[in-house]
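Quick note: numbers below take in every heavy atom, side chains included, and nothing from hydrogens, waters or symmetry partners.
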Amino acid sequence: MSLRALFQPLASSISLPRIRKRRTLIVCALLVQAVVLALGWLVTFRIVRDRFAQVVEDKIIEQNVELAERVAQLLPDDLPDMLEFGSPEWDKVQGVIENLTDLPADGFACVIQPDGSIICHPDVRHDQSLLRVNLGDKALRTPGDHGAADRVIVSEAGMETASGRIEFAADGVHYVATRKLPGSDLRLLVHQPQAGLLTAGEETTRAVALSAGLAAIVVLTVSGLGLTWVLRGYDSFVAEVNRRMRDNLKLARTIQRSTLPESLPQVRGFQMAAYSEAAEETGGDAYDVVPMTRDDMHIRASRTGEPTHAAAMLIADATGHGVGPAISVSQLRAMFRVALRLGASLLDTASHLNTQAAQDLPDGRFITAAMAVVHREGLVRWFSAGQGPLLLYHAATGEVESLAPQAWPLGVDADLPTDVGLGEILMKPGDILLLATDGIYEAPLDDTGRSRLGEAPVIDLLRDGADRDAEELLGQVRELVADTPPEDDRTVIVLKRTG
């Protein structure tokens, strides 16, 4: 089938008058835009021209100061107050003036007598009429000077160089800098007749405006193709950036997952199980279980599978989820381990973590955390900073106790309350302690997100599954929230005493 036959049904369904109207609107829109661009360019050009003139003037005045200082250093420093034309002293100064090579085009330097007359000039040897030129009555004006100005030959304090413009009736504005020579009443004058750089003709303005208008029409004509090309390039760039971001996030996820324990230590008389699931590639939850020596809070390296006397547990949840919270909780976990290695007590560890979090976290950010030390005899010392509830199942009564936090989250205030203390639990065989972040309790039960899991199903699970081991209980908790993807990070630690 030919292209014409393919598009014929489409062409027959489109009204030609509508196409003409649309084309007219497009052409009119392009013309209006071209006119607006041309007028905008005209106004902009005039503004830029005036600003450019001021910038050039300031640059010339600044440059003249530097030139005067540099040339003054080349002149003898033992000059008399007056120079006699043709004298040896004059010849020395004239030689310097004639052989200057670093002045801008059309610029020159000369020396002025105290009365304002020129005594040294690059052309004075063959044009002695320059000796009759006197600048004593000329005013030196600086930018913005609209009032009275100092005469060119007036001496300033010390060797300070004066720079500005003087006006001649015959040939307009000239830019000069003057400097009193050391030990003498003579003055050095550096001169640049650069007034031509400071103006722009009206013909140039109109020509530029016309060119800009024509260029605008051309640009608007091809803007559709150009925009398409740019958008394609942008899409390709965004795709590449997204790919790199995904790779970086995958790496960050791998690094964060590597900080979680590969296996949990075995404490005599206890079972432990834990898991953590991030809502994104990286998450704001973390947990840790560290094997401990008896009661001195030092970590003891133990062989794989060897039961230990005690273990320290940590579960933490930073506000939000993603890379930022992941960094926060990873740092918290590292500090937790360092504190244990240094032998800090559980309460001191919490205090240090809170102080550091207050210093590091930005305003409005904090970390809820619960930490505990589990002893083989069944004693659990615990502390919660805004992390709750911690659920404790009592096998003897079948009741579930909700343990409330003792303090606000870490990072809210630099100091913990002075009356805060550790909680103590004496777990008996069959008792279960469950630590979970709010990603579990606030998990949505359907796609609408209107109903949440809450604490009741978890409490019922502990009562009904008390005869199950820690791994089975953890699996049942995960099944409670398995039907919906996580809106927030989910972390659970299950601790059960077996004997």
For His191 and His174, what are the C-alpha separation, side-chain angles and deciding distance, and is it a side-chain contact (heavy atoms from CB on, under 4.5 Å)? CA-CA 7 Å; His191 175 278; His174 293 245; 2.6 Å; yes
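- Within a 6.0 Å radius of CD in Gln359, more than 12 heavy atoms belonging to other residues, nucleotides or ligands are found.
- Between the side chains of Asp317 and Thr437, no donor N or O sits under 3.5 Å from an acceptor N or O.
- Atom CE in Met313 sits 12.5 Å away from atom OH in Tyr287 (nearest 0.5 Å).
- Listed for the Gln113 side chain is no donor-acceptor partner under 3.5 Å among the backbone atoms of Ile118.
- Counting only distance, with no hydrogens or angles, the side chain of Ser163 and the backbone of Asn64 share no donor-acceptor pair below 3.5 Å.
- Contact detail for Phe108 and Pro122: the closest heavy-atom pair is CB-CG, 3.8 Å.
- In this structure, Gln387 contributes its side chain and Ala316 its backbone to no donor-acceptor pair below 3.5 Å.
- The nearest pair of heavy atoms linking Leu347 to Val420 is CD2-O, 4.1 Å.
- With contacts defined as side-chain heavy-atom distances shorter than 4.5 Å, the pair Val93/Leu75 qualifies.
- In this structure a side-chain-to-backbone donor-acceptor pair under 3.5 Å is missing from Ser117 to Val133.
- A distance of 8.0 Å separates CG of Leu340 from CG of Leu346, quoted to the nearest 0.5 Å.
- Summarising the geometry, atom OG1 belonging to Thr368 is positioned 8.5 Å from atom CD1 belonging to Ile315; distances are rounded to the nearest 0.5 Å.
- When every heavy atom of Ala369 is checked against every heavy atom of Leu332, the shortest pair comes out as CB-CD2, 4.3 Å.
- With a 4.5 Å cut-off on side-chain heavy atoms, Pro444 and Glu487 count as touching.
- The minimum heavy-atom distance between Glu84 and Ser87, with the atom names listed, is O-OG, 2.8 Å.
- Pairs passing the salt bridge (charged side-chain N to carboxylate O under 4.0 Å, His left out) check and including a residue from residues 89-100, sequence neighbours excluded, read Asp91-Arg125, Glu98-Arg125.
- Residue Leu361 holds its CG atom at 7.0 Å from OG1 of Thr319, rounded to the nearest 0.5 Å.
- Looking at Val124 and Phe85, their side chains come closer than 4.5 Å, going by heavy atoms from C-beta outward.
- Side-chain atoms of Ser276 do not come within 3.5 Å of backbone N or O of Ala286 as any donor-acceptor pair.
- Counting heavy atoms from C-beta on, the side chains of Gln406 and Phe383 come closer than 4.5 Å.
- A donor-acceptor pair under 3.5 Å links the side-chain atoms of Thr355 to the main chain of Ser351, judged by distance alone.
- Taking Ser184 as the reference, Leu79, Asp81, Leu186 meet the side-chain contact (heavy atoms from CB on, under 4.5 Å) condition, with sequence neighbours excluded.
- Here the CD1-CD1 distance, from Ile119 to Ile97, works out to 11.5 Å after rounding to the nearest 0.5 Å.
- Pairs engaging residues 321-335 under the salt bridge (charged side-chain N to carboxylate O under 4.0 Å, His left out) rule: Asp288-Arg333 [sequence neighbours left out].
- For the atom pair CG (Leu410) and CG (Asp360), the distance works out to 12.0 Å, reported to the nearest 0.5 Å.
- Looking at Arg179, its side chain never comes within 3.5 Å of a backbone N or O of Glu69 through a donor-acceptor pair.
- Across all non-hydrogen atoms, the minimal contact from Ile493 to Ala274 is CG1-CB, 3.9 Å.
- A pairwise comparison of heavy atoms in Leu83 and Trp90 identifies CD2-N, 3.8 Å as the closest pair.
- At least one donor-acceptor pair under 3.5 Å links the side chain of Asn354 to the backbone N or O of Asp413.
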